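It should be emphasised that the depicted structure is a prediction, and the values quoted were computed from it without experimental measurement. For ligands, and for the atoms within them, numbers begin at 1 and follow the listed sequence.
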Amino acid sequence: YSEEELYRPNFHFTPKKAWMNDPNGMFYYNGYYHLYYQYHPESNVWGPMHWGHAISTDMISWIEQPIALYPDELGTIFSGSAVVDIGNTSGFGEVSNAAPIVAIYTNSKQLEGDDNWKQTQSIAYSNDEGKTFTKFENNPVIDNDKIKDFRDPKVSWDEERNKWVMVLAAGDKIMFYDSKDLKKWNLLSEFGQGIGGHGGVWECPDLFKLPVLGTDESKWVLFVSINPGGPNGGSATQYFIGDFDGTTFTMDKEFESSLSKEHNYWIDFGRDNYAGVTWSNATRKDGSKLMLGWMSNWFYAQKVPTEAWRSAMTIAREVQLQKNENGYRLLMNPVKELSNYRSIKYKKENIEVNTDTKLIDSNAIDLARAEIKFNISNLNEEGFTFSLTNKKGDSLAFGFNHNDKNFFVDRRKSGKIDFEERFADRISTAKRTSLNKDLSGTIIIDKTSLEIFFDNGETVMTEIFFPNAPFEKLSIKPEVKEFTLSKIEINELNFN
Ligand code: FRU
């Protein structure tokens, strides 16, 4: 590897060159998943934003496309969404047998003074399935002179009421709008002041309906990204469970009372999953939604040790909703398409772990592209630590601490950490919410990222790292008492 490519992920999306942040405008149409993203083609730090573009048939292997949206006289192009306008409600459709794609985004225009901008909402349409866009002649479709942070429109089709619904972040709240044609928008309601996390500005909302697993019931989910104020510092995405009647989002009563006791509703407790929203027009047959997030954190994103490009996206995830003794919880797991890339399998049962026990090394499986599934039955007194290590003495530790019932990721010795103080100033933790006495997990490892899905995706932690050489050994050790690793399965993921 060259110094630079040492850090480029094997299978997470990165732009070939330059700076990237939030995923934008994600939709599915005619066999392709589209991913647009906040992009600054001139530099490896944030600047005047464009929408970059990539396509995929499976949300895993991406092909980068030409830039889709450039700044204009209304401002630069901030985050937003795209919809497949199947009914041609917008009238933008020009091609028979093909629906227009309509992008809804924020124009951000710098005004006099450093910290002063005008943010408005605009639209653009595509009649070639998202390759090229034409901006609407009457932009903006939502003007604004009053609100400082007013951005990231996420639009979806409300099937029950036959209309478009937009959620928009406005500083410390979410504003709800509706429209018949994507051009004229009516303000419906607001949600959020004094509710949930408010350690920073609210950004990148999403609103969608999910079936509650194993029931006939459905609930509405509201995602709200917040920066800073995440559970382990910096950027993170919280969620609310409730109902939407076409006008107002109301939290579920039980959800509301548990939220007021302790706010632990985060789609990811790691420090590197931000601004994630779901794909339009891509609901699975079982009702689950698909999403991915930006795998970084505003605390240090612009300083991570890559040069030619900066930032990757998380692995795409399926989103489901369950209800148990604990109330409502989202479940997030890697999309099943990832399993098509498994190539080597290592499987073992009933490993007695009483000391640091080697599980595998890079002679058997490349630990820079691995999927690991494990089970520990009857978790009693045990806590455990997995470690990834290399010959340079770097290590990345993660596991479960039995004393405080916390999952954790510790990257304090994971390699290059001193590019920003807040990158490795703590061990990230996540309270275990599941009451199951068996613990299971799925771990996705790339060259520079770790994504852990504990308890069938009830608690997720995503973190990036920059080792001085690839990690080549995986081991596990007990916290205090020996225990049995009931099952472990390790797959190398092959992308050629
Ligand atoms: C979130 C965010 C959005 C904004 C975009 C600008 O990371 O701040 O609110 O639209 O990034 O790049």
Legend entry - Heavy-atom side-chain contact between Leu74 and Lys135 under 4.5 Å: no

Legend entry - Validation row: Tyr105, Asn24 side chains within 4.5 angstrom (heavy atoms): no

Legend entry - Parallel, tilted or perpendicular: ring planes of Tyr32 versus His34, cut at 30 and 60 degrees: perpendicular

Inset, instruction - Take the angle between the ring planes of Trp51 and Tyr36 and call it parallel below 30°, perpendicular above 60°, tilted in between. - result: tilted

Inset, instruction - Using the test side-chain hydrogen bond (donor to acceptor under 3.5 Å, both in side chains), find all partners of Gln302 that sit at least two apart in sequence or belong to another chain. - result: none

Legend entry - Every residue of the protein that comes under 4.0 Å of ligand 1, judged on heavy atoms: Asn21, Asp22, Gln38, Trp46, Met49, Phe78, Ser79, Arg151, Asp152, Glu203, Tyr274, Trp298

Legend entry - More than 12 heavy atoms of other groups within 6.0 Å of Glu160 CD: yes

